[in-house]
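The next block holds one structure in the form of structure tokens; read it before the comments.
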Amino acid sequence: MPEPRTRLAPSPTGALHLGNARTFLINWAMARQNGWRIMLRIEDLDGPRIKTGADELAIDTLRWLGMDWDEGPTYQLHDLSRYHAALQRLADAGLIYPCACTRKEIAEAQSAPHGDSHDLRYPGTCRPAEPTPTRYVAGDDQQAWRVHAPDGEIVFDDGFAGRQAIDVQATVGDFVVASKAGLPAYQLAVVVDDHDQGVTHIVRGDDLITSTPRQLLLYRLLGYEPTPSYTHVPLVLGEDGHRLAKRHGDTRVSTYRDAGVSAERIVGLIAGWCGLGERTEMTAAEFAEAFDLAGLPRESVTFTGDDDRWLTEGSR
Ligand code: GLU
């Protein structure tokens with residue numbers, strides 16, 4: 001049995017908001033309850049969305065809330081060679097191919113409108129008729145790389161959401177594994193990292209549940225075993241039903257902290273959101289003792305004006 005390990009993997013694209021804090025706290029609590037080692041991984045490959053200093057702010061915020069970790073932080077950008085080696089292995093096996101299509105072309109080729117514009121289905125325009133071994137070339141700005149996604153469902157048992165069956169080819173098609181800028185795409189990078197870092201347990205927001213079959217497919221194509229277990233938890237939404245974001249006001253943990261709100265108050269609010277009863281101030285360690293995944297509400301949580309008042313009025 002591999003040593004159980006998980007990771008906290010913030011993307012330094014902005015300050016952590018209350019919804020991110022809830023997911024990290026759940027992940028951290030499950031790790032501490034079950035004796036998983038925790039590593040901190042900064043996911044800094046997301047080019048233009050990365051903000052200078054957001055990594056340090058994320059680290060500081062996690063610590064301030066009372067979380068800790070056993071290893072890291074590691075940074076993805078520090079060493080791209082592992083990703084390139086994985087891409088080269090896929091290219092050698094003819095499993096990926098270059099694609100110069102623009103987003104606009106893909107949207108125009110789309111036969112039916114698709115709900116999520118981030119996940120336009122790629123119709124296979126550049127896919128070679130036969131898998132063709134080739135040399136992976138990073139970063140020529142002209143072409144991205146896509147993986148041959150087979151037809152058929154990929155099934156996995158989610159630790160919270162239950163059995164999932166998603167057909168990658170039917171939903172997103174051959175997806176991008178390296179960008180035109182020569183950087184590994186999220187789906188590829190996360191799989192190489194989770195494998196190299198021996199991650200056995202992944203806990204994250206359920207906005208990523210549709211990414212999991214793509215990641216499991218890459219595990220298979222790269223010959224990585226065993227695959228980790230996945231637990232996806234519902235997100236925190238704003239009162240308009242959309243996932244918590246800037247338009248719902250400033251819900252950054254650091255903003256509440258600067259306004260004098262205590263970490264215990266924020267953890268208390270999150271505990272209420274996790275089904276731990278009447279909200280009351282508590283430390284992260286107390287949260288980890290009380291947290292019970294089985295009692296986590298199945299539906300998304302809504303951040304309300306009352307929640308905001310509970311935080312800020314408690315600081316006076
Ligand atoms: N860095 C991602 C995020 O902050 C998490 C990716 C993952 O858990 O696989 O949303």
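Read the numbers this way: they start at 1 and go in the same order the structure lists the ligands and their atoms. Values below: all heavy atoms of this structure, side chains included; hydrogens, waters and symmetry mates excluded. Model, not experiment: these values are computed from the prediction.
Counting the atoms of ligand 1 from 1 in the order shown, those under 4.0 Å from a heavy atom of E43 are 1 (N), 2 (C), 5 (C), 6 (C). Residue A9 has at least one heavy-atom neighbour below 4.0 Å for each of these atoms of ligand 1: 1 (N), 2 (C), 3 (C), 4 (O), 5 (C). Close approach to V190 involves these atoms of ligand 1, each under 4.0 Å from a residue heavy atom: 9 (O). Of all the atoms in ligand 1, the ones that sit under 4.0 Å from a non-hydrogen atom of S11 are 1 (N), 2 (C), 3 (C), 4 (O). Residue-ligand proximity, R7 to ligand 1, at heavy-atom distances under 4.0 Å covers atoms 7 (C), 8 (O), 9 (O).
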**OP:** Please test E105 against T125 for side-chain hydrogen bond (donor to acceptor under 3.5 Å, both in side chains), starting from the C-alpha separation and ending with a verdict.
**Re:** CA-CA 10 Å; E105 285 164 348; T125 319; over 6 Å; no
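Residue L208 touches ligand 1 through its side chain alone, judged by heavy-atom distances below 4.0 Å.
A salt bridge links R257 to D60: at least one charged side-chain nitrogen sits closer than 4.0 Å to a carboxylate oxygen. The pair D174-R127 counts as a salt bridge, with a side-chain nitrogen and a carboxylate oxygen less than 4.0 angstrom apart.
Here the closest heavy-atom approach between residue I26 and residue F291 is recorded as CG2-CZ, 3.6 Å.
For H248 and F303, the ring centers are positioned 6.0 Å apart or more.
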